[in-house]
Amino acid sequence: MEDHPELMPLLTVAGGPTRGVNFRVSYRPQVIGRGPSADISVADPHLSRRHASVTLTDQGVVLMDLGSTNGTWLNDHRIGGPQYLTDGDVIRIGRTDLRFFDPGLARTDPVGLRFSAPRTDHHRPTVPLPIATPPAGRPAVESYAGEPLALPGSR
């Protein structure tokens with residue numbers, strides 16, 4: 001899995017001050033917090049400096065609260081001990097929501113994720129689509145404004 005970093009589990013900030021930022025989870029324990037020494041630094045004043053941690057193990061990714069003041073919430077339940085994450089889980093710390101994505105457990109591939117170089121051996125000819133012309137004697141199609149539309153091939 002480490003040979004393909006795109007297959008490593010991912011935390012995405014889904015809500016909060018740093019929305020849209022992604023973090024890859026590794027086998028090394030990673031501290032989530034607002035402090036500069038945090039491995040996953042989130043700019044949220046409602047987080048502790050060392051709020052929670054995530055660790056990739058052979059059994060899955062483990063989330064653990066590190067004695068934070070406001071607690072760590074997993075799918076709207078405050079956690080009291082280590083919890084395994086599953087694809088789609090939402091972690092709430094402070095006023096930040098992190099969505100967990102695990103390509104190994106996902107039911108569908110994420111859009112834009114490629115596991116190899118794009119294929120170049122499939123050349124298909126481009127054929128222009130035929131343009132329909134209305135039969136002779138039919139009235140012109142009107143637009144929403146009530147004006148006749150100029151259809152291709154009709155004058």
Side-chain angles (χ1 to χ4, degrees), residues 1-132 141-145 149 151-152:
M1 197 164 23
E2 290 180 357
D3 295 339
H4 296 281
E6 64 271 13
L7 294 176
M8 299 293 285
L10 179 74
L11 287 174
T12 300
V13 180
T18 54
R19 185 177 184 174
V21 177
N22 295 317
F23 303 96
R24 291 282 176 193
V25 180
S26 71
Y27 285 101
R28 179 180 59 81
Q30 294 168 285
V31 173
I32 305 169
R34 66 176 165 85
S37 64
D39 300 301
I40 299 174
S41 183
V42 180
D44 183 342
H46 299 277
L47 263 64
S48 298
R49 286 179 179 82
R50 297 175 47 86
H51 198 100
S53 71
V54 288
T55 308
L56 178 59
T57 68
D58 292 337
Q59 291 76 36
V61 175
V62 177
L63 171 68
M64 199 164 70
D65 184 78
L66 298 177
S68 64
T69 304
N70 295 326
T72 300
W73 300 74
L74 177 60
N75 299 324
D76 294 326
H77 298 287
R78 189 172 185 161
I79 65 170
Q83 297 287 316
Y84 281 101
L85 299 177
T86 59
D87 187 56
D89 279 349
V90 177
I91 302 163
R92 191 175 75 234
I93 51 177
R95 292 193 178 160
T96 299
D97 290 336
L98 300 167
R99 182 166 298 276
F100 178 70
F101 173 72
D102 189 346
L105 301 174
R107 296 180 191 170
T108 61
D109 289 335
V111 174
L113 185 63
R114 289 195 179 132
F115 299 109
S116 61
R119 289 182 53 186
T120 58
D121 62 343
H122 59 289
H123 298 298
R124 289 186 273 178
T126 303
V127 179
L129 294 174
I131 298 174
V141 178
E142 292 185 4
S143 69
Y144 290 109
L149 289 176
L151 297 176

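Reckoned from all heavy atoms, side chains included, excluding hydrogens, waters and symmetry mates. All figures in this text were calculated on a predicted structure; none of them were measured in a lab.
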Original post:
Going through the distances and angles, do F101 and N22 end up as a side-chain contact (heavy atoms from CB on, under 4.5 Å)?
Top reply: CA-CA 10 Å; F101 173 72; N22 295 317; over 6 Å; no

Subject >> Contact summary for G35 and S41, nearest pair of heavy atoms >> reply: O-OG, 3.8 Å

**OP:** Mark yes when over 12 heavy atoms from residues, nucleotides or ligands other than R95 sit less than 6.0 Å from its CZ; otherwise mark no.
**Re:** no

**OP:** Look only at the side chain of D44 and the backbone of G94, and say whether a donor-acceptor pair between them is shorter than 3.5 Å.
**Re:** no

**OP:** Check whether any side-chain N or O of D87 sits under 3.5 Å from a backbone N or O of D102 as a donor-acceptor pair, and report yes or no.
**Re:** yes

Original post:
Counting N and O atoms only, with roles assigned by atom type, does the side chain of H77 sit under 3.5 Å from a partner on the main chain of L74, one being a donor and the other an acceptor?
Top reply: no

Original post:
How long is the span from the CD1 atom in I93 to the NE2 atom in H46, to the nearest 0.5 Å?
Top reply: 12.5 Å

**OP:** Identify the heavy atoms of R49 and A38 that sit nearest to each other, and give their distance.
**Re:** O-CB, 4.1 Å

**OP:** Give, for atom CG of D97 and atom CZ of R19, the distance between the pair rounded to the nearest 0.5 Å.
**Re:** 9.5 Å

Original post:
Which is it for I32 and L11 under the side-chain contact (heavy atoms from CB on, under 4.5 Å) test, yes or no, and what are the steps along the way?
Top reply: CA-CA 11 Å; I32 305 169; L11 287 174; 4.2 Å; yes

Subject >> Value rounded to 0.5 Å, distance of CG in D89 from CG in N75 >> reply: 4.0 Å

**OP:** Give the minimum heavy-atom separation between R99 and A14, together with the two atoms involved.
**Re:** CB-CB, 4.4 Å

Subject >> Distance in Å, Q30 CD paired with T55 OG1, rounded so as to fall on 0.5 Å steps >> reply: 7.5 Å

Original post:
How far apart are the C-alpha atoms of F23 and V21, what are their side-chain angles, what is the distance that settles it, and do they pass the side-chain contact (heavy atoms from CB on, under 4.5 Å) test?
Top reply: CA-CA 7 Å; F23 303 96; V21 177; 3.5 Å; yes

**OP:** Heavy atoms only: give me the nearest Y84-Q59 pair and the separation to one decimal.
**Re:** OH-CB, 3.7 Å

**OP:** Might you work through the side-chain contact (heavy atoms from CB on, under 4.5 Å) test for T72 and Q83, ending with a clear yes or no?
**Re:** CA-CA 11 Å; T72 300; Q83 297 287 316; over 6 Å; no

**OP:** Applying side chain to side chain contact (heavy atoms under 4.5 Å, CB included) between I40 and each of V54, L98, V31, report the one that passes.
**Re:** V54

Original post:
Taking the side chain as C-beta and beyond, is there a heavy-atom pair between S48 and L66 under 4.5 Å?
Top reply: no

Original post:
Atom OG1 in T12, atom CZ in F100: separation rounded to 0.5 Å?
Top reply: 10.5 Å

Original post:
For L47, does its backbone N or O pair with a side-chain atom of R34 as donor and acceptor, under 3.5 Å?
Top reply: yes

Subject >> Distance, nearest 0.5 Å, that separates CG of D65 from CD1 of I91 >> reply: 11.5 Å

Original post:
Looking only at atom types and distance, does a side-chain atom of R24 sit under 3.5 Å from a main-chain N or O of M8, one as donor and one as acceptor?
Top reply: yes

